[in-house]
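Take this structure, written in structure tokens, and hold onto it; I'll ask about it next.
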Amino acid sequence: MRIAEISSPDHRHSLNEPHSHLLSQIESSIKDLERHSPESPFPEPLLTDLRLRLTQLTSLSPFPNSVKLHVWKLSYRLWNSCVDLANAAAVRPSSSAKFTEQHANLRQISADLLFLANDVVGVPSPAIKSASFFYKTGIIWHDLNKFDLANNCFEKATDLTARIDVASVTDNEERKLLLGLNIARSRSAWEVSDRNLAIALLNRAKTVLFGCAESYKALANQYLAFGKIVLSSKESCGVNEGLKLMNEALDLCEKGMRIVKRKDETIALKNMRSKTLRFIAASHLQRDEFESVLKCVKVLRESSSGGGDDHPSLSVLAMKAWLGLGRFGEAEKELKGMVVNKGVPEGVWVSAVESYFQAAGAAGAETVKGVFLGLLGRCHVSAGAAIRVVRRVVGDGVTVEGSRVRAKVVAEVVSDERVVALFVGEEAVKQRTTMHAVLWNCAADYFRSKDYETSAEMFEKSMLYVPYNIESRVLRAKGFRVLCLCHLGLSQLDQAQEYITEAEKLEPNIASAFLKFKINLQKNDCDGAISQVQAMTTCLDFTPDFLSLSAHEAIACRALRVAVSSLSNLLNFYSSGKPMPTTEVMVLRTIITILAQDSGNESETLVYMARSHKRLSELGPDFFFGKGEVGRRERDWLAVNSWNTGTRVGKEEKYGLCADFFRLASDFYGVVVDGEVQGNNVMVCKSLILTVSAMIADEKQRKATLLDKEVKHAIELLDRAGKILTTISVGSQAEGDEITTIDPNFLFIYTLNAYDLHTRLNETGSQQLLLVKQFAASKSCSPNYLLQLGLHASQGPRSNPEVATFALNTCLSALLASQSPDYQCVALTIRKLIAVCAIHKGDTDDDVVYGMYKQAYRIMVGLKAGDYPLEEGKWLAMTAWNRAALPVRLGQVEAARKWMSIGLDLAGKVPGMDTYKSCMEDFLDGFEKKSHGNGNV
């Protein structure tokens, strides 16, 4: 009702003064509102003033009819102003929520004003009109989620209409109001979780349907809305409650169809019924009541109007029900039926395809492919739909059953020209990127599972979604590189070579160079691989990590030469100051370990051992080895490996290399790492001694002579060893003791080498004799060592009879002092002493030689037969007898008699010389007679 519709005489002057003043102020505010522009900010004091005046006016009620009429007009003016402002705001997309709430407050004031004059005389159905204001205001509060305020409005409207006789209402607007009021109250109760009241209000609304099709439809729609909400709530009883509400909606539709007569109204209710049945079918599907779903679908399809319901969702519902019953054949028919149904939206059939494939698995892959490609020929399919289908067929990874079948189907789908065409153009950039990512990730999963054949196929298909433009060069190059890797995994080296060549054309970088390196390794082309290592270092994006990776790859392929080359190149970067993937000593250690895997690499190993020592000298132990326990382990590793390699090549009689390795071992063992007082002096000493031994052995092997400077260097090494020997004890070391002792063999070798080298410098014999005497005085000295020293000093061009005599005499004394003398050694010592005296002193000291024979005789006295070596005994007897030959010829009777007598005595102590002894006695008797005959006494 507009204000102009209300006609009454002007009673303004007859109003009481308080009413008049308040109404004037309200009217003034309304005028301000009527003049207010929607473009300018809303005047906040206006709303406050109106609310204040309304409160003051309410306190003055009741009013005379003239005042009520005035209030009625003001209310309508305010309401109409709100309508105008709302209409203006509707065309402004940027209307704020604050303005909307202010607008609701103005509506609320207008409704409250009208409520003050709801029983005014002269206005038809004032209660209905007032209820209408509250109803419409409540709708606005509901939309603003102010449910308490909305419910207050609805309750006031309900109170105003409570006294109306429903049977007498004939006006359609009033009927709509009564029904809408019940539905609106129900919605507000539902929002505040008062479901029982909400359902009760809906049930109450059934009394105000008035046999109107629109009313049946509105109420059924609200039942359906509540049912859908319950179904989506995932509550335990939600499905049953939701189904109950939907059945109410279905019942209303069927009642309405029986009452209404107009065709358009019947069609609207039938559509509502079909919609409700579809949701009922969906609720049955949610409860796994598949037979009930199929019944609903059958009813819908057999409905009389228009040949049945062909809504797109029916095929999906039927298909899912058949799948639930395990009848895949019928489900497949429903799915294929969608291909010919042009009314099926894209989202629906994509969802159906996903559901079918989820249930059928790999067995349904071919069907999905056929359906998808069939739809391509029937209707426009978006790139997004293709992505959804591909994602569903690909699954969650290569571990699912039939994954290779899935991959094959996907490959066929994405390579179809029509599918590829969906992703062409600038508008499909995002979808094209997504499809490429889906295929790429799928291929990567197969690659990680080592299914390189399937992986290669999927990577190839992903390349279909990479444009041929400059911006995509890097991505295409990446694709070619992974395809190279796949074919490497399949040992298809020619194909791998082709792909990496294409990648290098697009983007020459370190990754491509590294893959070429891998191909060379696979082809066992070590020279090519080594050349490629050099090529990698020239790439702009090269980092030293690739040399480490190259070495690992080469070791895995047993291409040890290539591994050494890679690590050798890596060593060149340690002086650059750049961050390195590992320490320099670790790289050198790895190279040495690799070389040790094959024999014959000792010379090359020596090069890297020497390089380690050089870098150690340049950087210092703490920087080269590291500090603490790490540094000690690195130091010990190099020292031990130098020692072990020296030992091995020494056994192989490669004495030159042996000397170099032991020299390096002495240097490494002598390094003092952080936290240590001194190095391993015992091992330093041993290494120095063995170094000199190897030098002398190499000299003999080459049949050459050490130069004077080499001799002096060797003596310097021994001097270092000698200084260490003075600080440690010599003897057997118990297991677990600290390394503070040295094996006696090393002291002997030290003495022997020192004696040998000092004789080469034309020194007096006193130095050599002092060395031997010092050794003889040590605890580690043994007769065997002295015998060897004596033998060494007694022979060769640089023999020293004085040293030999001392060593042999000392040896003999030690042997005889033993509780169980080794008479084999005793005999050998005596023979050598006799030889030394005979050769170096001749006849000038015959008594000394005779004394040796006499000593031998005294030793043999009292021995059992065979204790003294027979051959040595015979030698003594025969050589002593033979020494008498010259004196006999010269007529030196005493000398001859002396030697024949000792020879005869010795023969008497040697078993098996009886015949010789008889002959000797006869000759001696004859000699004596002859001597007496000649007058010699």
(message) Which heavy atom of I555 sits nearest to which heavy atom of A563, and what is that distance?
(response) CG1-CB, 3.7 Å
(request) Report yes if the side chains of R589 and N641 come closer than 4.5 Å at any heavy-atom pair, otherwise no. (result) no
(message) Can you give me the closest heavy-atom contact between A610 and L664, atom names plus distance?
(response) N-CD1, 3.9 Å
(request) Determine the minimum heavy-atom distance between G656 and D698, stating which atoms define it. (result) N-OD1, 3.6 Å
(request) List the steps and the verdict of side chain to side chain contact (heavy atoms under 4.5 Å, CB included) for L464 and F423. (result) CA-CA 10 Å; L464 295 172; F423 296 85; over 6 Å; no
(request) Report yes if some heavy atom in the side chain of E602 is under 4.5 Å from a heavy atom in the side chain of R648; otherwise report no. (result)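 SC-SC contact between E602 and R648 confirmed.
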(message) Within the 4.5 Å heavy-atom criterion, are M580 and L570 side-chain neighbours or not?
(response) yes
(message) Taking the basic N atoms (NZ, or NE/NH1/NH2) and the acidic carboxylate oxygens, is any pair closer than 4.0 Å for E412 and K408?
(response)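 Looking at K408 together with E412, the answer is yes, because their closest N to O distance falls below 4.0 Å.
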(message) Testing the basics here: between R611 and L571, what is the closest heavy-atom pair and its distance to 0.1 Å?
(response) NH2-CB, 3.4 Å
(request) To the nearest 0.5 angstrom, please state how far the NZ atom of K523 sits from the CG atom of L493. (result)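 Interatomic distance, K523 NZ to L493 CG, rounded to 0.5 Å: 6.0 Å.
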(message) So if I apply the salt bridge (charged side-chain N to carboxylate O under 4.0 Å, His left out) rule between R481 and each of E502, E507, E504, which one comes out positive?
(response)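 By the salt bridge (charged side-chain N to carboxylate O under 4.0 Å, His left out) criterion, R481 pairs with just one of E502, E507, E504: E507.
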(request) Give the C-alpha distance, both sets of side-chain angles, the deciding distance and a yes or no for side chain to side chain contact (heavy atoms under 4.5 Å, CB included) between V390 and L439. (result) CA-CA 9 Å; V390 168; L439 297 175; 4.2 Å; yes
(request) Would you please test K614 and E618 for side chain to side chain contact (heavy atoms under 4.5 Å, CB included) and show each step? (result) CA-CA 6 Å; K614 179 183 176 183; E618 293 172 355; 3.1 Å; yes
(message) In the structure I gave you, are the side-chain heavy atoms of V410 and K461 within less than 4.5 Å of one another anywhere?
(response)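 When only atoms from C-beta onward are counted, K461 and V410 do not touch, as no gap falls below 4.5 Å.
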(request) Using only heavy-atom distances, determine whether the side chains of T647 and N644 contain a donor-acceptor pair under 3.5 Å. (result) no
(request) Before giving the answer on side chain to side chain contact (heavy atoms under 4.5 Å, CB included), spell out for S612 and F624 the whole-Å C-alpha distance, their side-chain angles and the decisive distance to 0.1 Å. (result) CA-CA 9 Å; S612 301; F624 183 69; 4.1 Å; yes
(request) Taking the side chain as every heavy atom from C-beta outward, state whether I592 and L595 have any pair of such atoms under 4.5 Å apart. (result) no
(request) Mind listing the closest non-hydrogen atom pair of M536 and A513 along with its distance? (result)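 That closest heavy-atom pairing would be CG-CB, 3.7 Å.
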(request) For the pair R561 and D527, find out whether any cationic side-chain nitrogen is under 4.0 Å from an anionic carboxylate oxygen. (result) yes
(request) Report the distance from atom CG of N680 to atom NZ of K686, rounding to the nearest 0.5 Å. (result) 8.5 Å
(request) Please examine the side chains of L422 and S382, heavy atoms only from C-beta on, and report whether any two atoms are closer than 4.5 Å. (result) no
(request) Keeping the roles fixed (side chain from S472, backbone from Y468), state whether a donor-acceptor pair exists under 3.5 Å. (result) no
(request) Calculate, to the nearest 0.5 Å, the distance between atoms CH2 and SG belonging to W440 and C442 respectively. (result)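 The CH2 atom of W440 sits 13.0 Å away from the SG atom of C442.
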(request) Check whether the ring centres of F661 and W643 lie less than 6.0 Å apart, and answer yes or no. (result)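 No, the ring centres sit 6.0 Å or more apart.
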(request) Could you tell me whether D636 and R633 have a side-chain N and a carboxylate O separated by less than 4.0 Å? (result) no
(request) Evaluate the side-chain proximity of V419 to Y465: yes if any heavy-atom separation is below 4.5 Å, no if none is. (result)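 A side-chain contact exists here, since the closest heavy-atom pair is under 4.5 Å.
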(request) Give, for atom CG of L490 and atom CG of D451, the distance between the pair rounded to the nearest 0.5 Å. (result) 8.5 Å
(message) To the closest 0.5 Å, what do you measure between OG (S687) and CZ (F662)?
(response) 6.5 Å
(message) Do T537 and F573 make a side-chain contact, defined as non-hydrogen atoms from C-beta onward lying under 4.5 Å apart?
(response)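 Touching, per the 4.5 Å side-chain cut-off.
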(request) State, without any angle test, whether Y499 and Q492 hold a side-chain donor-acceptor pair at a distance under 3.5 Å. (result) no
(message) Tell me the closest heavy-atom pair linking G479 and M463, and the distance in Å.
(response) CA-SD, 3.6 Å
